[in-house]
Enquirer: 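The structure's right below; bear with me while I get my questions together.
Numbered from 1 within each chain, the chains take letters A, B, ... in sequence-line order.
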Protein chains: 2
Amino acid sequence: MPWETQFNIEATLEKALHVFWEYGYNATSMRDLTKRMGINSGSIYSTFGNKRTLFLSALDYYNKISVIHLKRYQQLESSKQGIIRFFEHIRDTILAGNDVHGCFIVNTTLEMAPHDKEMSALVSKGQDIMRKFFKDLIKKGQTTGEISSNINATDTSELLLGLLVGVRVLTRTNPTKKQFNVVINNVELILSS
Amino acid sequence: MPWETQFNIEATLEKALHVFWEYGYNATSMRDLTKRMGINSGSIYSTFGNKRTLFLSALDYYNKISVIHLKRYQQLESSKQGIIRFFEHIRDTILAGNDVHGCFIVNTTLEMAPHDKEMSALVSKGQDIMRKFFKDLIKKGQTTGEISSNINATDTSELLLGLLVGVRVLTRTNPTKKQFNVVINNVELILSS
DNA sequence: AATAGTTATAAACGTTCGTTCAAAACTAAG
DNA sequence: CTTAGTTTTGAACGAACGTTTATAACTATT
């Protein structure tokens, strides 16, 4: 008997994500969201709760697609190259001007995580996705002998995450190729020690 | 003939800095500022312009005191130890719960720099203060022979800044000693290569 | 064709926002 | 003691905020 939802919920959530991603939580207004999502506020509230829970859904969705995007680098024959190519991909995307708003997890880590427990939990989940990505590749490289067994996979994944986050912040304004290459060279050094 | 200003401008600006530092620009209201600064909105506007220019003044002030705080590490006899001790100081401050709001420059890099040219310029200035801090210490270490002349001071300072920023972001929520030590170990490795 | 049940619309709600400003408070000069 | 010039005060402004809601639109069942 009912009238089915007229919009694609996931596609609309993705649009909301892009607005939050661009301006952050506080600088995004509900009117910004209705415009970009293409639906009225009533539909947003009936579908996603309120502004805060919509943000939580967008953050959760971001984590979900992150996992999918990382798969590409996990499937390369060389796990060391998987890590390097991942850094190079970010470098090339940013330098080409195609990475418009940085890393949504990093942005949210600073803006919201210290003030909101649920957002903090999703941010931690996002960070853990990256830790696991690095750690799994390091361990895989160690089984094939490509990466030395002397390095600690857990510690090294934490270090690589730190390098990733740092360069993503510093290249948020005026990115240069050198900033990335300095980091990538250090990543190669770490994985070859 | 006039009535002299009743409040200490620099002390009041410092209070404003702490509010912006804690909540960010957008989540800080003028009412928050009047409360914490201890003066009324009229006095804020007549002294600092408006909310945005007050933020710019606070950011500039932060850069100024950063330079002063860094002097301590530049005066150590060992420049390598100057860098290490700097990282250790941040680690100990955060783990003791005394670093309440992270690095104001890093916070502003993500929240405001992409959307405000003047803020972006002050953020770049703050980043350059750190680059110069690392670079000068590396060069000094190279003149004394403590640090190898094979390493590039400019590139390495960029790398150290990346490591610093990364660990500051990741330890914004649930910091652990290990996160810092992994980074510090890598810093030592870099400075000894 | 009528109806029951759900969704979409957009105007309206009370609140809070950044900012302004007239009045009060004050001080140093005349 | 008066006055001219500056600062402080806090109420008030219009605008924008997140959210609600009554009404219209729509569809599957009867």
Side-chain angles (χ1 to χ4, degrees), chain A residues 1-60 107-108 111-112 115-119 122, chain B residues 1-60 107-108 111-112 115-119 122:
Chain A
M1 336 161 180
W3 181 17
E4 283 185 1
T5 305
Q6 294 291 291
F7 55 91
N8 181 303
I9 292 181
E10 188 168 291
T12 307
L13 180 60
E14 191 170 351
K15 286 177 188 169
L17 166 62
H18 283 291
V19 186
F20 282 131
W21 199 345
E22 181 170 357
Y23 298 106
Y25 179 80
N26 287 299
T28 297
S29 70
M30 286 303 299
R31 276 156 186 82
D32 293 333
L33 290 165
T34 56
K35 279 179 195 163
R36 293 273 291 270
M37 293 168 81
I39 57 176
N40 291 286
S41 61
S43 297
I44 296 180
Y45 278 82
S46 66
T47 308
F48 299 104
N50 56 28
K51 185 188 173 188
R52 182 176 162 278
T53 50
L54 172 60
F55 186 88
L56 287 168
S57 297
L59 190 48
D60 197 48
N107 300 354
T108 306
E111 190 194 359
M112 302 307 293
H115 307 292
D116 190 300
K117 273 198 168 186
E118 285 185 80
M119 293 188 193
L122 286 178
Chain B
M1 337 158 184
W3 181 17
E4 283 187 2
T5 304
Q6 295 293 291
F7 55 93
N8 181 304
I9 292 180
E10 190 168 290
T12 307
L13 181 58
E14 192 170 349
K15 286 177 187 167
L17 166 61
H18 284 291
V19 186
F20 282 130
W21 199 344
E22 181 171 356
Y23 298 106
Y25 180 79
N26 287 299
T28 297
S29 71
M30 286 304 298
R31 276 157 186 81
D32 294 333
L33 289 165
T34 56
K35 279 179 195 163
R36 293 272 291 270
M37 294 169 81
I39 57 176
N40 291 286
S41 60
S43 296
I44 296 180
Y45 278 81
S46 66
T47 309
F48 300 105
N50 55 29
K51 184 188 174 188
R52 182 175 162 278
T53 51
L54 171 59
F55 186 89
L56 287 167
S57 297
L59 189 50
D60 197 49
N107 299 354
T108 307
E111 189 193 1
M112 302 307 293
H115 307 291
D116 190 300
K117 272 198 166 185
E118 285 185 79
M119 293 188 193
L122 285 177

Enquirer: Pick base, sugar-phosphate or nothing for A:T28, based on heavy-atom distances below 4.0 Å to the nucleic acid.
Expert: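 Sugar-phosphate contact only - A:T28 comes under 4.0 Å of backbone atoms but never of a base.
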Enquirer: Nearest 0.5 Å, please: how far is OG1 in B:T47 from CD1 in B:I39?
Expert: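 Here the rounded value is 5.5 Å.
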Enquirer: In whole Å, I'd like the distance from the CG atom of B:L33 to the C1' atom of C:dG18.
Expert: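 It works out to 11 Å between those atoms.
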Enquirer: Mind calculating the distance between CZ (B:F55) and P (C:dT19) to the nearest angstrom?
Expert: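 Those two atoms, CZ and P, are 14 Å apart.
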Enquirer: Among C:dC17, C:dT9, C:dA12, which is the nearest nucleotide to the side chain of B:R31?
Expert: C:dC17
Enquirer: Nearest-Å distance, NZ (A:K51) to P (D:dA16)?
Expert: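 After rounding, the gap between these two atoms is 15 Å.
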Enquirer: Starting at CG of B:D32 and ending at P of C:dC17, how long is that distance when rounded to a whole Å?
Expert: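 Answer to the nearest Å: 7 Å.
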Enquirer: Taking only side-chain N and O atoms of B:N40, does any of them lie within less than 4.0 angstrom of OP1 or OP2 on D:dG10?
Expert: yes
Enquirer: Expressed in angstrom and rounded to an integer, what is the separation of A:I44 atom CD1 from C:dA8 atom C1'?
Expert: 12 Å
Enquirer: Can you tell me the distance, in whole Å, between the OH atom of B:Y23 and the C1' atom of C:dC17?
Expert: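 In whole Å, C:dC17 C1' and B:Y23 OH are 17 Å from each other.
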Enquirer: Under a 3.5 Å distance rule, please check whether B:E111 uses its side chain to pair with a backbone N or O of A:E111 as donor and acceptor.
Expert: no
Enquirer: With sugar-phosphate meaning primed atoms plus P, OP1 and OP2, does B:T5 contact a base, only sugar-phosphate, or nothing at under 4.0 Å between heavy atoms?
Expert: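 Contact class for B:T5: sugar-phosphate only.
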Enquirer: Is there a donor-acceptor contact under 3.5 Å linking the side chains of A:T53 and A:N50?
Expert: yes
Enquirer: Expressed as a whole number of angstroms, how long is the span from B:N26:CG to D:dG18:C1'?
Expert: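 Nearest whole value for this atom pair: 15 Å.
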Enquirer: Figure out the CD1/C1' separation between A:I39 and D:dA25, and round it to whole Å.
Expert: 16 Å
Enquirer: Should B:S29 be listed as having a side-chain N or O under 4.0 Å from OP1 or OP2 of C:dC17?
Expert: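 Yes, within the criterion.
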Enquirer: Is there a donor N/O on one and an acceptor N/O on the other, under 3.5 Å, for the side chain of A:S41 and the base of D:dT20?
Expert: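 A donor-acceptor contact between them is present.
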Enquirer: It should be established whether B:S46 places a side-chain nitrogen or oxygen under 4.0 Å from OP1 or OP2 of nucleotide D:dT7.
Expert: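 No, no such contact exists.
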Enquirer: Considering heavy-atom distances to DNA chain C, does B:Q6 or B:R52 have its closest nucleotide positioned more toward the 5' end?
Expert: B:R52
Enquirer: Please tell me whether A:S29 and A:D32 have a donor and an acceptor in their side chains that are separated by less than 3.5 angstrom.
Expert: yes
Enquirer: Flag this pair as yes if the NZ/CZ of A:K51 is under 6.0 angstrom from the six-membered ring centre of A:F20 and inside a 45 degree cone about the axis; otherwise no.
Expert: no
